[in-house]
Amino acid sequence: MATHHPTFYGAPTRRRIAAAVAATTTTAALVGSLLLTFDAASPTLWLAPSPQVLELVSRCDTLPTRHAREECARTVVAVLLQRRQQQSTQLAGR
C-alpha cells in the first residue's frame, strides 16, 4: 500500500520561491537589455547646452511675452535638430 504524504499546495516551497525569483530576475534582465538596445539605436532627441545653443536661446529671452519666448525657443531647437539630422545624413552617405 502506498503511503501518501499530505502536500500543502497553498504554502510556497523553497523551490517555488527560487523559481519565482529566477523568473523575475530573468524577465527584468531581458526587458532591461531590450530597452538599452533600443535606446542605443535611437537618435538623440535633445540638445546639449553648448555655447551656440545657449546663445541662440538667450536671444529668445529678450522677447516681451512668454508665448513669444517659448515659440522662439521651439524654433531654435527645431532648426538645430534639423541641422544635426542633415549632418548625420551627410556623414552616413559618405
Item to check | Minimum-distance pair of heavy atoms, taken over all atoms of Cys60 and Ala73 | outcome: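 So the minimum-distance heavy-atom pair works out to SG-N, 3.5 Å.
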Checklist entry - Which atoms form the tightest heavy-atom contact between Cys72 and Leu63, and what is the distance? => result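 Nearest heavy atoms, Cys72 then Leu63: CB-CD1, 3.6 Å.
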List for me each residue that meets side chain to side chain donor-acceptor pair (under 3.5 Å) alongside [X], sequence neighbours excluded, and say none if there are none.
{"X": "Gln52", "value": "none"}
{"X": "Gln82", "value": "none"}
{"X": "Arg59", "value": "Glu55"}

Checklist outcome for this item: Residues at least two apart in sequence or cross-chain that pass salt bridge (charged side-chain N to carboxylate O under 4.0 Å, His left out) with Arg66, listed by chain then number, are Glu70
Next on the checklist: Under 4.5 Å side-chain heavy-atom separation, chaining through any Ile, Leu, Val, Met, Phe, Trp or Tyr, what else clusters with Phe38? Say none if it is isolated.
Outcome noted: Leu34
Exercise answer: donor-acceptor pairs, residues 17-31 side-chain atoms, under 3.5 Å, sequence neighbours excluded:
from	atom 1	to	atom 2	distance (Å)
Thr24	OG1	Ala20	O	2.8
Thr25	OG1	Val21	O	2.8
Thr26	OG1	Ala22	O	2.8
Thr27	OG1	Ala23	O	2.8

Next on the checklist: Taking side chain to side chain contact (heavy atoms under 4.5 Å, CB included) as the definition, give me every residue that meets it alongside Thr65, ordered by chain and number, with sequence neighbours left out.
Outcome noted: His67, Ala68
Item to check | Val79 reachable from Val53 in the ILVMFWY side-chain graph, under 4.5 Å edges | outcome: no
Next on the checklist: In the structure I gave you, are the side-chain heavy atoms of Asp39 and Leu35 within less than 4.5 Å of one another anywhere?
Outcome noted: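 In short, these two side chains do not touch, never coming nearer than 4.5 Å.
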Next on the checklist: Working to the nearest 0.5 angstrom, can you tell me the gap between Leu56 CG and Thr75 OG1?
Outcome noted: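 The OG1 atom of Thr75 is 11.5 Å from CG of Leu56, to the nearest 0.5 Å.
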